[in-house]
Visitor: 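Once you've had a glance at the structure underneath, I'll fire off some questions.
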Amino acid sequence: MKLTAKTDLDAPIGFVFECLSDHPTWEREAAERGIDVERPADMPMSGLGAGWLIRLPFRGKVVKILLRMTSMARDQDLGFDYQSNSIEGDLDLSVMSLSPRRTRLHLTIDIRPRTLAARLFLNTLRLGRGRVQSRLDMRVQQMGMQIQNRYARSQR
């Protein structure tokens, strides 16, 4: 199942890319939301191959996800792959300059099942795709507003 979302930001492409690749800030935000983020010892702290072991509550259970950075092109995109016991997939964040002070952020998530239960869950998501898509769009808009607010604060 593939999901995409995009938003336009009133910030230069370099600033947006720096915010997206600011791993400590995203780790703190995840912790504030009750998500446990750990850096595995065998992975680099930044750049290609950087990884995170994420534990989050989902439907009464703790889900463990291993997230790894697979690609990084300066001021263009960040690529990640992830896997858990039941799902795997890819996540791509790309940025495109619309003007010197305006940037488009595009998110693509590809989810693939690894188990029969995950296949059934993804089929349920497909049935409610409109609701899932609107929640993803809303979250990407919120992320875009956070980046815009950081840019506005940095210009003061």
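Numbers here simply count residues along the sequence, with the first being 1.
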Visitor: Rounded to the nearest 0.5 Å, what's the gap from CZ on Phe80 to CG on Leu67? Could you check?
Guide: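 One gets 6.0 Å once the value is rounded to the nearest 0.5 Å.
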Visitor: Side chains of residues 10-24: which donor-acceptor partners sit under 3.5 Å, not counting sequence neighbours?
Guide:
unit_1: Asp10; atom_1: OD1; unit_2: Arg102; atom_2: NH1; d: 2.3
unit_1: Glu18; atom_1: OE2; unit_2: Arg74; atom_2: NH1; d: 2.4
unit_1: Glu18; atom_1: OE2; unit_2: Arg74; atom_2: NH2; d: 2.5
unit_1: Ser21; atom_1: OG; unit_2: Phe17; atom_2: O; d: 2.9
unit_1: Ser21; atom_1: OG; unit_2: Glu18; atom_2: O; d: 3.4
unit_1: Asp22; atom_1: OD1; unit_2: Thr25; atom_2: OG1; d: 3.4
unit_1: Asp22; atom_1: OD2; unit_2: Thr25; atom_2: OG1; d: 2.4
unit_1: Asp22; atom_1: OD2; unit_2: Arg150; atom_2: NH2; d: 3.2

Visitor: Name all pairs fulfilling the salt bridge (Lys or Arg N to Asp or Glu O under 4.0 Å) condition that reach into residues 121-139, sequence neighbours left out, sorted by first residue then second.
Guide: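 Residue pairs passing salt bridge (Lys or Arg N to Asp or Glu O under 4.0 Å), neighbours aside: Glu29-Arg139.
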Visitor: Mind checking whether Arg104 and Asp8 have side chains closer than 4.5 Å, heavy atoms only?
Guide: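 Side chain of Arg104 against side chain of Asp8, heavy atoms only: contact under 4.5 Å found.
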Visitor: Checking salt bridge (Lys or Arg N to Asp or Glu O under 4.0 Å) between Arg68 and each of Asp42, Asp81, Asp90, which is the one that passes?
Guide: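 Passing option: Asp81.
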Visitor: Got a sec: does the CZ of Arg119 have more than 12 other heavy atoms crowding it under 6.0 Å?
Guide: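 Check fails, neighbour count at 12 or below.
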Visitor: How is the hydrophobic cluster of Met145 composed, in terms of its other members, when Ile, Leu, Val, Met, Phe, Trp and Tyr link through side-chain heavy atoms under 4.5 Å apart, directly or indirectly?
Guide: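 Other cluster members: none.
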Visitor: Hey, is the main chain of Gly79 close enough, under 3.5 Å, to the side chain of Thr70 for a donor-acceptor pair?
Guide: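 Yes; at least one donor-acceptor contact below 3.5 Å.
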Visitor: Roughly how far, to the nearest 0.5 Å, is the CG atom of Leu48 from the OG atom of Ser71?
Guide: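 Interatomic distance, Ser71 OG to Leu48 CG, rounded to 0.5 Å: 7.0 Å.
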Visitor: Would you call Asn85 and Thr115 a side-chain contact if the rule is heavy atoms closer than 4.5 Å?
Guide: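 With C-beta onward as the side chain, the pair stays apart.
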Visitor: Heavy-atom count check: over 12 atoms from other residues, nucleotides or ligands less than 6.0 Å from Asp75 CG?
Guide: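 Yes, the 6.0 Å shell around CG holds more than 12 heavy atoms from other groups.
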Visitor: Could you tell me whether the side chain of Gln133 and the main chain of Ala5 form a donor-acceptor pair under 3.5 Å?
Guide: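 A pair under 3.5 Å: no.
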Visitor: With a 4.5 Å cut-off on side-chain heavy atoms, are Leu136 and Ile109 touching?
Guide: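 Yes - at least one pair of side-chain heavy atoms lies under 4.5 Å apart.
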Visitor: Find the distance between CH2 (Trp52) and CD (Glu38) and round it off to the nearest 0.5 Å.
Guide: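 It is 13.5 Å, given to the nearest 0.5 Å.
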Visitor: Taking side chain as C-beta onward, heavy atoms only, is Phe121 less than 4.5 Å from Leu125?
Guide: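 Result yes, sub-4.5 Å side-chain heavy-atom pair found.
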